[in-house]
Number of protein chains: 2
Amino acid sequence: MPDGGPPTIVSIAERAGVSIASVSRVLNGQGARRDTTERVRRAAAELGYVPNAVARSLKGGRTRQLTFAMPDIGNPVYVAMVRAIQEVTKAAGYRLLLHSTDAVAEDELAVLRSLQDRTSDGLILVPIRITDAHVAALGAAAGPVVVIGSLPPGVPVDSVRADSVAGATLAVRHLHATGRRRIAFVNGPADTVPGHHRELGYRAGLAECGLPYRPELVVRTEFGVEAGARAARRLLPAGPDALFCANDQLALGAAHALLARGLRVPADLAVAGMDDSELAQVAWPPLTSVDLGSAERGRRAAELLLDRLDGRPAPPGGERAGPAPRTTTAPPRLVVRASTAPATDPKP
Amino acid sequence: MPDGGPPTIVSIAERAGVSIASVSRVLNGQGARRDTTERVRRAAAELGYVPNAVARSLKGGRTRQLTFAMPDIGNPVYVAMVRAIQEVTKAAGYRLLLHSTDAVAEDELAVLRSLQDRTSDGLILVPIRITDAHVAALGAAAGPVVVIGSLPPGVPVDSVRADSVAGATLAVRHLHATGRRRIAFVNGPADTVPGHHRELGYRAGLAECGLPYRPELVVRTEFGVEAGARAARRLLPAGPDALFCANDQLALGAAHALLARGLRVPADLAVAGMDDSELAQVAWPPLTSVDLGSAERGRRAAELLLDRLDGRPAPPGGERAGPAPRTTTAPPRLVVRASTAPATDPKP
DNA sequence: CTGAAAGCGCTAACAA
DNA sequence: TTGTTAGCGCTTTCAG
């Protein structure tokens, strides 16, 4: 007859005829007499006992949960990060809480604040914009935070960034090298950090190749497949021979729009994206893309976070624990696929 | 000077000069004198107080966390479910824990068992196979569980299923109606529930259309883009005029392989998938697919779970609470896109 | 080696 | 209306 609820150390203690302290010790692998150990183990097994994680957390001051907050769970880039993070944190015995902020700054701040309710021991955050409120909230965070993205200097938080400026330059140079001269740029919102950086890289690339910057070859929109398609249609009248897109979703949408118009990729226009996500591989034609090390960044972020967590169960409010903030940068890498093969002469 | 830790009701009580009970009452919106309320509010604000969720959970016996365990977070179908579930549970004030089981049965069982550690109040599970161990574990679950998928009769758990048999039949009939006669089938593992059902539907569809079942036109492999590509290459020698695939990932891979061989879709071969995930829309050509109501199933599962949760904070161990298990079935719906347009005469 | 007891932060009786 | 107090289940001194 159940006593009305799941078994606790008390039920075990009673059944084994020992104190709850002994139960706790045995179950946590501490020393105990052969006999005691035996009886506790058996009682626990018979009752199907599983320790209550909440009680443990309350006592220990840590939940062994970590939170990963990203803009959009539908973007394969973040899926790649989740996988990498998961791998690291799981090995360290942490559960991972996933949170999709839909790129809403308000939501990002809420996540940051939620560290305070002690639901998770630490946070990996991918912000899309960095406002003053972000900076303030990051400074006041109630627990360790690692940001994946570029932070203004002085924010006391570990971060892992991609070198998207260099990455974008890489792509432009590649397009130029394959004979493209009117390289259009489909960007996300220019007021986001990635958007800003990728545009800088695009312009740097043009400059390096001796190509002029033409405003009519640049479109700024949202990140997303549909937005990419619209942007491509809008750019066509300007007569580009290549579309460089700020991420794979945009590139996929753009390629789609071109094909739907009966244009050939890459014969008529080359298309390149960024992130080298799964989308780049499953697109038709397969997309040239700049690998910004998503998985690598995720892995690194998780490691940084675990590092902060070690030794210091719950950082005291206010002052940050451990060494000064660290920043890692993942180097970009161009992955060439069919979508940017050199233009061949049009069919006779 | 911080007292070495985040503020608690004690700090607030001291600062406001009231008892901790009053603090709790005010903060939980219970009655209190104007004056008291005022002072507590102010003290809480000044201290930046946020209630400790863990302590609350321990006291209340519920975490206000729910778990969603799916086979693969990289599959857009599950992303769609996550979105739908999120929407429902968020509105009800629950946090959502995401867990990717990688379709490992062992992992699914672990999740089920983990309900016992009281980390979450309930679970939505998408199993890929149902073993005896699953049935046993589902029966013994320590909290409410809703399964998305088909369950053997008698398992005392709410479930939401897709009618993939009918869905597959729909697709075959459509292919037949557009003039295809040698309709090949690319399935996932036949020993999974979805794999089994989709194959039943395929055969039913053939029968309805008066087409013979030809073993050489069927391939069973893993679910996944790469597997789809391999399967398509393997089927080509058998001379199919359509490839019906058990999900969109397979269909995308298959279409890819065909295009890479220089074949035209749909002119030479039609391709259709199932799930109507985002992949179907971003594929080239856009894929005809059978919508199995992923979002709808997610939403419904969340509702069922919340329903069980209501009124009964923590179901006592063993006996299940509330009404008998309920099962909902989402009707399939064919979404026709370019990949299955009727074959035109080959170019002269 | 083992047991009694304190206490993590909070809510909810029960008293005053 | 308010304060005192008893736990929620667990880990961890501190005595024995």
Side-chain angles (χ1 to χ4, degrees), chain A residues 3-41 43-44 47-64 115-119 121 142-143 313-314 316-317, chain B residues 3-41 43-44 47-64 116-119 121 142 313-314 316-317:
Chain A
D3 65 319
T8 70
I9 48 170
V10 175
S11 0
I12 298 182
E14 282 169 355
R15 189 175 186 109
V18 299
S19 73
I20 62 167
S22 290
V23 175
S24 177
R25 279 189 214 104
V26 169
L27 264 26
N28 290 303
Q30 310 220 17
R33 215 192 319 162
R34 187 61 167 262
D35 174 43
T36 313
T37 308
E38 187 82 357
R39 284 156 60 195
V40 170
R41 286 260 161 72
L47 260 33
Y49 171 77
V50 175
N52 181 318
V54 174
R56 264 199 178 152
S57 297
L58 181 58
K59 182 69 196 162
R62 44 195 297 163
T63 56
R64 307 219 60 106
L115 255 184
Q116 293 183 83
D117 76 10
R118 308 275 138 190
T119 289
D121 297 342
Chain B
D3 66 317
T8 69
I9 47 170
V10 175
S11 0
I12 297 181
E14 282 169 355
R15 187 174 188 109
V18 299
S19 74
I20 62 166
S22 290
V23 174
S24 177
R25 278 189 215 103
V26 169
L27 265 26
N28 289 304
Q30 308 221 17
R33 215 191 320 162
R34 187 61 166 262
D35 175 44
T36 313
T37 308
E38 188 82 356
R39 285 156 61 194
V40 169
R41 286 260 160 71
L47 261 32
Y49 172 78
V50 175
N52 182 319
V54 174
R56 265 200 178 153
S57 296
L58 182 57
K59 180 69 193 162
R62 44 194 298 162
T63 56
R64 307 218 60 105
Q116 293 183 85
D117 76 11
R118 309 275 138 189
T119 289
D121 297 342

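Convention: sequence-line order gives letters A, B, ...; per-chain numbering from 1. Here the structure is a predicted model, which is why all the values come from computation and not from measurement.
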Fill in: Atom pair CG/CD1 of Leu47(B) and Ile12(B) - distance to nearest 0.5 Å
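Here the rounded value is 6.0 Å.
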Is a side-chain donor or acceptor of [X] paired with a backbone partner of [Y] at a separation under 3.5 angstrom?
X         : Y         : result
Asp117(A) : Thr119(A) : yes
Arg64(B)  : Ser57(B)  : no
Ser24(A)  : Ile20(A)  : no
Arg118(B) : Val50(A)  : no

Worksheet item: Can you check whether Pro7(A) reaches Arg15(A) side chain to side chain, under 4.5 Å on heavy atoms?
Response: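 Not touching, per the 4.5 Å side-chain cut-off.
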Fill in: Any side-chain heavy-atom pair of Tyr49(A) and Val23(A) under 4.5 Å
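Not touching, per the 4.5 Å side-chain cut-off.
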Worksheet item: At under 4.0 Å between heavy atoms, what does Ser57(B) touch on the DNA or RNA strands: base, sugar-phosphate, or nothing?
Response: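 The residue Ser57(B) makes no contact with any strand.
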Worksheet item: Reckon Val18(B) touches a base, only the sugar-phosphate, or nothing at all at heavy-atom distances under 4.0 Å?
Response: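 Sugar-phosphate contact only - Val18(B) comes under 4.0 Å of backbone atoms but never of a base.
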Discussion item. Reading DNA chain C in the 5' to 3' direction, which nucleotide is the first one with an atom under 4.0 Å from a heavy atom of chain A, and which is the last?
Written reply: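 Range of nucleotides within reach of chain A: dC1(C) to dG9(C).
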Practice prompt. Classify every nucleotide of nucleotides 10-16 of chain D by which part a protein heavy atom approaches to under 4.0 Å, writing B for the base, S for the sugar-phosphate alone and - for neither, in 5'-to-3' order.
Written response: BBBB---
Discussion item. Give me each pair satisfying salt bridge (Lys or Arg N to Asp or Glu O under 4.0 Å) with a member in residues 22-38 of chain B, each pair once, sequence neighbours excluded.
Written reply: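 Matches after skipping sequence neighbours: Asp35(B)-Arg39(B).
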Worksheet entry | Toward the 5' end of DNA chain D, by each residue's nearest nucleotide, Gly17(B) or Leu58(B) |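 Between the two, 5'-proximity favours Gly17(B).
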